[in-house]
Amino acid sequence: MQIDYASIEKKWKERWEQDGVYRVSHDDPRPKYYVLDMFPYPSGSGLHVGHPLGYIASDIVSRYKRMDGYNVLHPMGYDAFGLPAEQYAVQTGIHPAISTEDNINRYRNQLLNLGFSYDWSREVKTCDPRFYKWTQWIFLQLFHHYYDTERNTARPVAELIASFEANGTHGVHAAHSYEGTFDATTWQAMTPKEQDDVLMNYRLAYRKISYVNWCEALGTVLANDEVKDGVSERGGYPVERKAMLQWSLRITAYAERLLRDLDDLEWTDAMKTIQSNWIGRSEGAEVEFPVRGRDASIRVFTTRPDTIFGATFMVLAPEHPLVAEITTPDQQLEVRAYQEQAALRSERERIADVKEISGVFTGAFAVNPVTGRSIPVWAADYVLMDYGTGAIMAVPGDDTRDGAFARHFDLPIVEVIDRSAFPDAEVGDKVGTLQNSDFLNGMEIPEAIEATLRHIETQGLGVRTVQYKLRDAIYSRQRYWGEPIPILYDQDGVAHAMDVQELPHELPMLDDFQPSGTSSPLARLPEWVDAGNGMTRETDTMPGYAGSSWYFLRYMDPYSDDVFASPEAIAYWKDVDLYIGGTEHAVGHLMYSRFWHKFLYDKGLVPTVEPFRKLINQGMIQGVIEYLYMYKEKVDGYTKFLCARLAAQHPEELFARIPILVTVVENYGTPDSYLSTRSIEQLIAWRPEYEDAIFECSKGVYHRGTFTPRDGAAGSHLYTDSEVGKMGKRYHNAVNPDTVVAEYGADCFRMYEMFLGPIDQSKPWDTNNIDGVSRFIRRFWNLFHSDQDAWQVTENEPSGEELKILHGTIKRVREDIERYSFNTCVSHFMTATNELKKLGTTSRAILDPLVRLIAPFAPFISEALWEQLGGSGSVHLTDYPKFDASLLIESTITYPVCINGKKRTEADFTADASPADIEQVVLALEAVQKWIDGKTVRKVIVVPKRMINIVV
RNA sequence: GCCCACGUGGUGGAAUUGGUAGACACGCUAGGUUCAGGACCUAGUGCUCGUUUAGGGCGUGGAGGUUCGAGUCCUCUCGUGGGCACCA
């Protein structure tokens, strides 16, 4: 019995396309449901079996919801701007537009092969000018707005200008980068450039000189979430801190809302925790410490104002502007040397040297405002310029870092917390009572914090504040393949937004993509840079996250040229009901999208505060990685490989561990993976440069087609190292879904990926289990067909037992789809098929609903069977089966009756009475009378549907 | 170092959320069948005691606790994975 998957799939793919089965419109009376996949970056190596995992899950939900009466928006598109395409262009000279288009076409075909129910007419690409016109437009809206911290909403910059004209900064409550006050006359006296600079302090998209993550190798700056462990996330190149004039987005203005609104989202706790840690809210106070003998004061941020009596010195970040001002002449040289050294250190070195204590005394003293004592002011790089105020009051008695610093430089330490009642507590733990702290003595810490806050506020020493770790997002990229920033500069350097009519501001064609120093390749096009009228264009482009921060809105109305999406479409589709994608976007894409969405909400352009109501993070499908040990130096002029087990006896510096094509390895993925003589030949066929290489096995040496055994041993085992890790091109272990589909069919591939385990778990790709799913599909098919491939569905009345199996399965499958447990759904199908097979079911009344039930999982064979059943149109447009609860209730249920949890007997009860009924309990008591004779019944516990337990 | 999540057979994983642990599948064992293929069918399969049977004991990383009852809740501990990392 053979099922011709290929022709079934071809036929239905064409039919779906022709009939527009998955086309949707917002002009529809049904309730909407929006299922979104994180759109892929179309890389050169195509999809591997790991990519579709989330797409299969979202497709199942889409099909299920569609059959269950919803109007389902389920679109797909491409995140098409970005570094890899440009790096590829640098290497090959092929224009990114061309390679990207090729990659997109390959991706689309691969996705089509898997039978996804996307509305392909809504496909978007972020590199399409019709799309990025609106990316640029939203950027300009950010440019034209500031954040009103009193009304908690974005407001037009024009209103801010009006305020400045009338009252200067008086009465203005706006999120800003640095403090600065002025009055109306000062504002009116400013030059346009000076006014522009002031406005940049408030705009939500602004330009300023700031310390940024500069990556020399990539020739661009990177946002914080694009840097991991001091190296670039893409490519792993070193990143240094550099002061540059850059565009940024004021995401910090939304920090509080981004944090607070997490509560209402149906995201995993892990995801919410990552985001809230990234936002990093801490409550505390800013306190002023006057500098002795100078008209200056140092403002510090602290979360522990209660420890202020223990503040015995102060530390400023080396870049802190006050350092130069307060340093005494005799400390000048030393301080300047320290500042220079700190500036030169790369981010990576700084992280590596965390445990090294360094710092320098400025010679200046400040006054502790509560003790009135003079305390020395130091500069040290353990204080960061861009957190808090860039300065701290050091409390060596209750902070481990301050303590270490004090001991290292022999500074005074005052113990302000008495922790004697908590022997296990460590320095910095918020337990204990205050000591050596004047009016705070004897208080518990929370009480002392509150008392100190009141004190400093009434005395005018400082104010309560909230700090966030979240930083503004650097928005400029000095690269070619991205959206041009639609800004022009006049001769004075004042930034001017382009008009909406001038958008899209198209990316000009270029054939030299080589990065050049600190400016974009676009700067090499003088005729493009010159915008006429003495204006010049911004040459930086937008970062990778620009387009993806709002693409889900464009799907709602992908064609409009007048708006980013029509108000009608947005009013109907509202937000994403279910979003599926990987955890790797936790702090990048998902944070920026939420920020943009909130801004658009403030503008009244979207109806919801949050873009993604429910988020599921699919796990990664991992691959087996096989490594071979290669000598770093050539041996006698030859490349030499060594068996893993022999390599283990040698110092590891001798070798490079190189990943090789997994499929040439025998027993790959096991501890006994090895290369045989034959597989060495396959390896050479794959990498001809190793034709001359020497392979030293456990039992001899293989060289140029000849195996020379040692000590007369026969056979060669060149053991390799197996590991489970990422699937991808560089590990030579990527499995293309197309080949799996060609062998087993798309339905089998889909169900297999779901069957592997819970959607949110990572798991290795393991082809052993796929046969089990393939067998199931054949068994399922054979419920409908006899051994001779004859159609055997009858009009027989189904038996009660058959109906029970069917409705039990419908109930479980519906419930499990609703809780996104797709692996158990597949199990339910298997169980039902096994049971129905045993009963010899051929009844249409059972098999017809069964086909509809499985349709979201196996879209192709369900269409084929549906057609044979004589159903009209596509099975995916029929109703999803509903279960009849009455069929599931048994007329008599036998309950175990237990005494003290020990089962004693069983008793029959009728189903329509709840076992909780007194009558039932009496029945139970009678049933166990002989065991409870003479004992008092203390209580009777009725476990619904389970048992009756009598405690004596 | 701090925060979060997770530990169930030989393997992937179920367990209606405190109610018969191990569904479903892989693998394995035995038997059958086949144009001999990595196909198909049937039965068995947590560990252990018991000659087979009947039956018993032990079992969800470890140690305690709550409960008539714990894989599930609480405390401690060990292990794995992830996030953050001089954040004052």
Side-chain angles (χ1 to χ4, degrees), chain A residues 1 228-230 268-278 280-282 284 300-305 307 311 314-315 317 350-351 353-357 380-384 386-395 398-402 404-405 426 428 467-471 583-584 586-587 617 619 751-752 755-758 760-764 766-776 778-779 782 787 808 811-812 815-816 819 821 823-834 837 896 898-903 938-952:
Chain A
M1 217 353 283
K228 289 251 150 71
D229 300 326
T268 60
D269 288 342
M271 210 60 174
K272 291 186 186 181
T273 312
I274 293 174
Q275 287 220 341
S276 74
N277 286 347
W278 188 260
R281 182 183 199 274
S282 11
V300 302
F301 173 72
T302 176
T303 55
R304 292 292 303 278
T307 62
M314 304 193 76
V315 185
R350 210 181 58 74
I351 289 168
D353 291 351
V354 160
K355 286 182 188 70
E356 294 267 316
I357 295 170
D381 66 358
Y382 84 92
V383 174
L384 307 176
D386 53 2
Y387 181 76
T389 59
I392 61 159
M393 62 175 206
V395 184
D398 202 51
D399 182 288
T400 43
R401 295 151 305 171
D402 296 345
F405 193 83
E426 287 173 19
Q467 281 292 335
Y468 301 92
K469 280 195 252 179
L470 185 72
R471 307 289 146 79
T583 31
E584 67 273 21
V587 289
N617 301 110
M751 293 188 92
Y752 171 61
F755 189 64
L756 275 173
D760 53 354
Q761 247 167 58
S762 290
K763 50 239 157 183
D766 172 7
T767 20
N768 287 331
N769 288 301
I770 202 169
D771 292 318
V773 178
S774 177
R775 229 167 276 162
F776 155 72
R778 254 195 308 267
R779 279 157 162 263
N782 288 344
D787 295 344
K811 182 166 187 282
R812 282 187 283 271
E815 282 171 359
D816 285 352
R819 63 190 186 104
S821 175
N823 56 330
T824 52
C825 288
V826 177
S827 297
H828 300 324
F829 291 129
M830 290 177 173
T831 312
T833 303
N834 291 346
K837 194 117 208 162
C898 308
I899 297 176
N900 290 346
K902 278 271 185 234
K903 184 172 135 186
R938 284 198 294 153
K939 61 179 168 176
V940 177
I941 299 153
V942 179
V943 181
K945 295 184 185 174
R946 280 296 170 194
M947 64 168 179
I948 294 182
N949 191 21
I950 295 160
V951 184
V952 295

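- A gap of 15 Å separates the C1' atoms of B:A23 and B:U45, to the nearest Å.
- Here the C1' atom of nucleotide B:A14 and the NZ atom of A:Lys763 are 14 Å apart, to the nearest Å.
- Across all strands shown, B:U51 forms no Watson-Crick or G-U wobble pair with both key distances under 3.5 Å.
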Nucleotide N/O of nucleotides 24-29 of chain B paired with protein N/O under 3.5 Å:
residue, atom, partner, partner atom, Å
B:A25, OP1, A:Asn834, ND2, 2.9
B:C26, OP1, A:Arg775, NH1, 2.6
B:C26, O4', A:Asn769, OD1, 2.9
B:C26, O2', A:Asn769, OD1, 3.4

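- Close to B:A88, at under 4.0 Å from its OP1 or OP2, lies a side-chain N or O of A:Ser282.
- Residues A:Ser827 and A:Phe755 form a side-chain contact, since some pair of their non-hydrogen atoms from C-beta on lies under 4.5 Å apart.
- Atom CD1 in A:Ile770 sits about 18 Å away from atom P in B:G12, given to the nearest Å.
- Annotation: B:U60 and B:G55 have their C1' atoms spaced 25 Å apart (nearest Å).
- Residue contacts for A:Pro758: at a heavy-atom cut-off of 4.0 Å it reaches the sugar-phosphate backbone alone, with no base atom in range.
- Using a 4.0 Å heavy-atom distance criterion, A:Asn823 is classed as a sugar-phosphate-only contact.
- The CZ-C1' distance, from A:Phe829 to B:A23, rounds to 16 Å in whole Å.
- When both pairing distances are held under 3.5 Å, B:G27 makes a Watson-Crick or G-U pair with B:U45.
- Spacing of C1' atoms, B:G71 relative to B:A21, comes out at 7 Å, to the nearest Å.
- Distance, A:Ile392 CD1 to B:A88 P: 11 Å, rounded to whole Å.
- Checked for salt-bridge contact, A:Glu815 and A:Lys811 meet the test: a charged N lies under 4.0 Å from a carboxylate O.
- Residues A:Met393 and A:Thr307 meet the side-chain proximity criterion, which asks for heavy atoms closer than 4.5 Å.
- Rounded to the nearest Å, the gap between the C1' atom of B:G44 and that of B:G10 is 16 Å.
- Note on A:Arg471: a base of the nucleic acid sits closer than 4.0 angstrom, heavy atoms only.
- In this structure, A:Tyr468 atom OH and B:A88 atom C1' are separated by 17 Å, rounded to whole Å.
- When side chains are defined from C-beta on, A:Tyr387 counts as touching A:Gln467, because their heavy atoms get closer than 4.5 Å.
- Nucleotides B:U20 and B:U72 place their P atoms 14 Å apart, quoted to the nearest Å.
- Side-chain N/O atoms of A:Asn617 and A:Thr583 include no donor and acceptor closer than 3.5 Å.
- Using a 4.5 Å heavy-atom threshold, the side chains of A:Asn277 and A:Val587 count as separate.
- Each of A:Asn277 and A:Gln467 has a nearest nucleotide on RNA chain B; the 5'-most of these lies closest to A:Asn277.
- Rounded to whole angstrom, the span from the CG atom of A:Leu470 across to the P atom of B:A85 amounts to 12 Å.
- Residue A:Arg778 places none of its side-chain N or O atoms closer than 4.0 Å to OP1 or OP2 of B:C41.
- In this structure, A:Asp386 places its CG atom 13 Å from C1' of B:A88, rounding to the nearest Å.
- For A:Gln761, a side-chain nitrogen or oxygen approaches OP1 or OP2 of B:G13 to under 4.0 Å.
- Spacing of P atoms, B:G37 relative to B:A54, comes out at 42 Å, to the nearest Å.
- For the residue pair A:Thr824 / A:Ser821, a side-chain donor-acceptor distance below 3.5 Å is found, with atom types taken as modelled.
- A distance of 11.0 Å separates CD1 of A:Ile274 from CG of A:Asp269, quoted to the nearest 0.5 Å.
- Base pairing of B:G22: no nucleotide in any strand meets the Watson-Crick or G-U wobble criterion (both distances under 3.5 Å).
- Here the separation of B:G56 from B:C74, taken at their C1' atoms, is 33 Å to the nearest Å.
- Judged by Watson-Crick or G-U wobble contacts below 3.5 Å, the nucleotide B:U75 has B:A63 as its partner.
- B:U67 and B:U52 have their C1' atoms separated by 41 Å, given to the nearest Å.
- A:Phe405 is linked by a ring pair (Phe, Tyr, Trp, His ring centres under 6.0 Å) to A:Phe313, A:Trp378, A:Tyr382, A:Phe409, counting only residues two or more places apart in sequence or in another chain.
- Base-pair partner of B:U17: not found among the strands shown (Watson-Crick or G-U wobble, both distances under 3.5 Å).
- Residue A:Trp278 contributes atom CH2, which lies 16 Å from atom C1' of B:C2 at whole-angstrom precision.
- Across all strands shown, B:U33 forms no Watson-Crick or G-U wobble pair with both key distances under 3.5 Å.
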